[in-house]
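Remarks on the structure that follows.
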There are 2 protein chains.
Amino acid sequence: MPTIKDVAQLSGISKTTVSRVINNKGYVSEEKKALVLKAMEELEYHPNLSARRLRGQLTTTIGVIVPKITNPFFSYLVDAIEEAAYEKGYQVLIFQSNEDPKKELAFLNLLKTKQVDGVIMTAVENHWSKVKSFIEHGPIVLCNVYIDKSKVPTVRLNQYKGTYDGIKHLIERGHRKIAYCTGGFFKKEGKGKERNQGYQKALEEAGISINPNWVFVNQHSIEDGQQVLRKILEMDERPTAVFTGSDEVASGMIAEANVRGIQIPDDLAIMGFDDQPIARVVSPKLTTIKQPVDRLGEKAVEIIIEKLNNVESSDEYCELPIELIIRQST
Amino acid sequence: MPTIKDVAQLSGISKTTVSRVINNKGYVSEEKKALVLKAMEELEYHPNLSARRLRGQLTTTIGVIVPKITNPFFSYLVDAIEEAAYEKGYQVLIFQSNEDPKKELAFLNLLKTKQVDGVIMTAVENHWSKVKSFIEHGPIVLCNVYIDKSKVPTVRLNQYKGTYDGIKHLIERGHRKIAYCTGGFFKKEGKGKERNQGYQKALEEAGISINPNWVFVNQHSIEDGQQVLRKILEMDERPTAVFTGSDEVASGMIAEANVRGIQIPDDLAIMGFDDQPIARVVSPKLTTIKQPVDRLGEKAVEIIIEKLNNVESSDEYCELPIELIIRQST
DNA sequence: GCAATTTGTGGAACCGATTTCACATATTGT
DNA sequence: ACAATATGTGAAATCGGTTCCACAAATTGC
C-alpha cells in the first residue's frame with residue numbers, strides 16, 4: 001500500500017502539503033494541488049484510517065446498539081441509520097446486545113477505547129447510572145428509548161400515545177374486555193412502562209378496570225403469540241380484543257386462530273404494533289400502529305453528528321408521531 | 001484516556017515491558033507483571049486500537065457485505081456470523097451494498113485500507129475480476145454465493161438441489177403447469193442461475209417444457225408477490241403451481257389470493273424459499289425450503305479466521321444441505 | 001515606499017502502540 | 001570454571017498520518 005510519503009516523493013512535494021490537499025485545508029497553490037492529485041491517482045493512494053484516527057482522535061464511525069438484528073423493527077431502524085450515516089460520510093458499527101447487559105457494556109467500551117466516536121442506543125439494558133459514565137468518552141444518543149432522568153439527547157416515539165390510541169380504537173369498536181400483551185412490562189424504565197400507562201389510561205377513561213388475567217408479559221415471538229391464543233381459548237371468561245406489543249405476536253395469534261377456527265375480528269379482535277411487512281400478509285390483515293422508523297434513524301444520526309461537531313443541537317429531545325393503521329383484524 | 005506511557009510511569013516500568021505484559025509475549029518476571037497489571041487496573045487502561053492497528057496491521061474486525069439487512073434471510077445470517085465472530089474475539093462490521101456495485105467496491109476498499117482483516121461476502125455485485133483484485137489485501141470468503149472460476153473459499157447451499165427438490169415436490173403433487181418467480185435470473189453468476197437450472201432440470205426430467213409467460217424475474221417483496229398473483233389471474237392459461245424464490249413473494253401471493261378468494265393449494269399451489277418466520281403465519285402456512293443459516297454463518301467465520309491465521313484450511317469449499325419443508329400451501 | 005497581512009510551503013513533533021536491538025543477569029552443560 | 005544458552009529489561013525506531021511552527025513570497029493598506 002502506498003503511503004503519504006510515496007505520494008510526496010512521486011510528486012516532489014512535502015508530506016505536509018499532500019496532507020493539505022487530501023483534507024482540503026490550508027493554503028495550497030492550484031499548481032501543486034494538481035501535481036499531488038495526479039500522484040495520488042497514479043499510486044491509487046488511500047489514506048490509512050488507523051493513522052488518521054490515531055492522530056486525529058476521531059474514527060468517523062458511529063456505533064449502534066440493537067437488542068437483536070433479526071427483529072424487523074430493528075433491522076429497518078439500522079437500515080435507516082446506516083443510510084443516513086453513510087450520506088454524511090460515517091461508518092456504522094452494528095452491535096447486538098442480545099439483551100445482555102454485559103455485552104452492552106462491552107460495546108460501550110468501544111467508546112472508551114475510541115473505536116467509535118459516538119453511540120446510538122436503541123435499547124438500554126444496564127442501569128442508567130452505569131451507562132451514564134460513558135458519556136464523558138463520547139456522545140450517546142437514545143433512539144426509541146426514553147430514560148426519564150437521563151438528560152441525554154433522545155429521539156423517540158410517543159409510545160404512550162400510540163398505545164392509548166390503539167386501545168381507544170378498540171373501545172370505539174365496542175370492546176370492553178381488552179387483553180394486553182407486551183414484551184417488557186416488568187422493566188422499570190423504557191417503552192414498556194409507557195405503553196402500559198397508555199393502556200391503563202385509555203381503560204380508565206372508559207371506566208373499565210384491568211383484568212390481570214388478560215395481561216401477558218414477556219411476549220415476543222410468533223410462537224409466543226400462538227401460545228397466548230391457546231391460553232385465551234382455555235379461559236372461562238375470554239377477552240373480546242387483544243392489544244399486542246408487536247406484529248409478530250399478533251401474527252402468531254392470527255395464525256393460531258385460523259387453525260382453531262376462531263373468527264377474527266368477530267370472535268376476537270387483534271391489534272399489532274410496528275406495521276411490519278408481516279402485518280399485511282396475515283389473514284385478516286393486521287390493524288397495527290406504525291412507527292416512523294426511517295425518520296427515527298435519520299434524526300438520531302443527525303443529532304449525534306451535531307454532537308460530534310459540538311454544534312449546539314437544535315433539539316435534544318425529539319418526539320416523532322405514531323400512526324394508527326386500521327386494517328381488518330379489529 | 002490513559003496511555004501505555006501512563007501505565008509505564010505509574011508502575012515505574014518501561015513501555016516495552018508493559019507492552020509485553022499486555023500481549024503476554026516475551027519474558028517478563030512475575031513481579032513486574034503484577035505491578036503492571038495493578039497499574040493498568042488502577043488507571044482503567046485500555047489499549048488504543050488505532051495505534052495497535054497502525055503498528056500491527058491487524059484490526060480484529062471482519063467485514064460482512066449483505067445486499068440488504070432488512071431481508072430476514074440476511075439479518076439471520078448476520079446474526080449467526082456476528083455470534084460466531086464474537087466468540088472468537090472478532091468484531092463485525094456490517095455493510096449494506098443495496099445491490100449497488102459502487103457501494104460494494106467502497107466497502108472492499110476497507111480491506112485495502114486495512115480497516116478490516118477480511119471480508120465475508122454474502123452477495124457479489126461486481127464482476128468477479130474486479131472483486132478478485134482485492135484478495136491480495138486480505139482474505140475474502142464467499143457465503144451463500146458461488147462463483148465458478150473464483151477459487152475463493154466458499155460456503156454455500158446447494159441452490160440447485162433445493163430448487164430441484166422443490167419443483168419435484170410440486171410435480172409429485174401432480175402439477176405440470178408450474179410457474180417460477182425469482183429475484184435474480186438474469187445474472188450470469190450466483191444462485192439465481194443455479195436455482196434456474198434446478199427448475200429446468202426438474203421440468204425436463206418430467207418431460208415438461210417451460211412456458212416463458214410463467215417465469216417472473218426480479219421479484220423480491222411482498223408487493224411483488226401480490227402483483228404476480230394478479231398477473232396470473234389475468235392469464236388465459238393459468239399455472240396450477242408457483243415456485244417462488246422467497247417467502248416474501250410467496251406470502252404476498254397468498255395474501256392476495258385470500259383477498260381474491262383463490263383457494264390455496266387447490267386453485268393454486270405456492271412454494272416459498274428460506275423458511276422465514278413469515279412462512280408459518282400466513283394462511284395456509286407455506287411449504288418452503290429451509291436454509292441452514294446458522295451453520296452457514298458459523299462456517300464462514302470459521303474459514304475466514306483460519307485464513308487470517310494462515311492455517312491451511314481443512315476445506316475451502318463447503319456445501320451445506322438444504323431441506324424441503326412441506327406445510328399447507330402445496 | 002514600508003509595515004501589515006495574506007498566501008504558500010516544508011521540517012519536525014506528535015498520536016499510542018509494537019518491535020528491534022543491545023545489553024545485563026541467571027541458569028545450564030561439560 | 002567457563003562458554004553457551006535462557007531469561008529479563010529498556011531505549012529508540014517505526015507505523016502513516018496531522019498539526020504546530022518558522023519562514024518566504026506576494027498582496028494589501030496608508
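- Between A/Gln96 and A/Ile69 the shortest heavy-atom distance is OE1-N, 3.1 Å.
- Atom pair A/Ile22:CD1 and C/dG10:P shows a separation of 14 Å (rounding to whole Å applied).
- Counting non-hydrogen atoms of other residues, nucleotides and ligands closer than 6.0 Å to NZ of B/Lys68 gives a total above 12.
- Taking atom CG of residue A/Leu54 and atom P of nucleotide C/dT18, one finds them 12 Å apart after rounding to whole Å.
- OP1 or OP2 of C/dC15 has not a single side-chain nitrogen or oxygen of B/Asn48 nearer than 4.0 Å.
- Salt bridge annotation for B/Lys299-B/Glu302: present, with a cationic side-chain nitrogen under 4.0 angstrom from a carboxylate oxygen.
- One atom, CG of B/Asn23, and another, P of C/dT20, lie 13 Å apart when rounded to the nearest Å.
- For B/Ser29, taking side-chain heavy atoms from C-beta onward, the closest of the listed nucleotides D/dT9, C/dT9, D/dT18 is D/dT9.
- Within the structure, a side-chain polar atom (N or O) of A/Tyr45 is placed less than 4.0 Å from OP1 or OP2 of D/dG17.
- Within the 4.5 Å cutoff, the side chain of B/Lys38 has no heavy atoms near those of the B/Leu10 side chain.
- Below the 3.5 angstrom threshold, one finds no donor paired with an acceptor across the side chain of A/Arg52 and the base of D/dT18.
- For the pair A/Arg53 CZ and C/dA17 P, the interatomic distance rounds to 16 Å; values are reported in whole Å.
- Proximity of a side-chain donor or acceptor of A/Asn98 to a complementary backbone N or O of A/Asp100 within less than 3.5 Å is not detected.
- Look at A/Ser14 and you'll find a side-chain N or O under 4.0 angstrom from OP1 or OP2 of C/dG10.
- Look at B/Tyr27 and you'll find a side-chain N or O under 4.0 angstrom from OP1 or OP2 of D/dT7.
- Regarding contacts with the backbone of C/dT9, every side-chain N or O of A/Thr17 stays at 4.0 angstrom or more from both OP1 and OP2.
- Among the protein residues, B/Ile13 comes within range of the sugar-phosphate backbone only, with heavy atoms under 4.0 Å from sugar or phosphate atoms but none that close to a base.
- Atom CD of A/Glu31 is separated from atom P of C/dT7 by 17 Å (rounded to the nearest Å).
- Distances from the side chain of A/Lys32 to the nucleotides C/dT9, C/dT18, D/dG10 place C/dT9 closest.
- Counting non-hydrogen atoms under 4.0 angstrom, A/Ser19 reaches a base of the nucleic acid.
- The phosphate of C/dG10 (OP1 or OP2) has no side-chain N or O of A/Thr16 nearer than 4.0 angstrom.
- Between B/Val152 and B/Val141, the shortest heavy-atom distance links the atoms CG1-CA, 4.3 Å.
- For C/dT19, the OP1/OP2 oxygens have a side-chain nitrogen or oxygen of B/Lys25 closer than 4.0 Å.
- Mapped onto DNA chain C by nearest heavy atom, A/Arg20 and A/Lys15 fall at different nucleotides, with A/Arg20 at the one closer to the 5' end.
- If you measure from atom NZ of B/Lys5 to atom C1' of C/dT18, you get 17 Å, rounded to the nearest angstrom.
- The distance between atom CE of A/Met40 and atom C1' of D/dG16, rounded to the nearest whole Å, is 14 Å.
- Atoms CZ (B/Arg55) and P (D/dA12) sit 16 Å apart, rounded to a whole Å.
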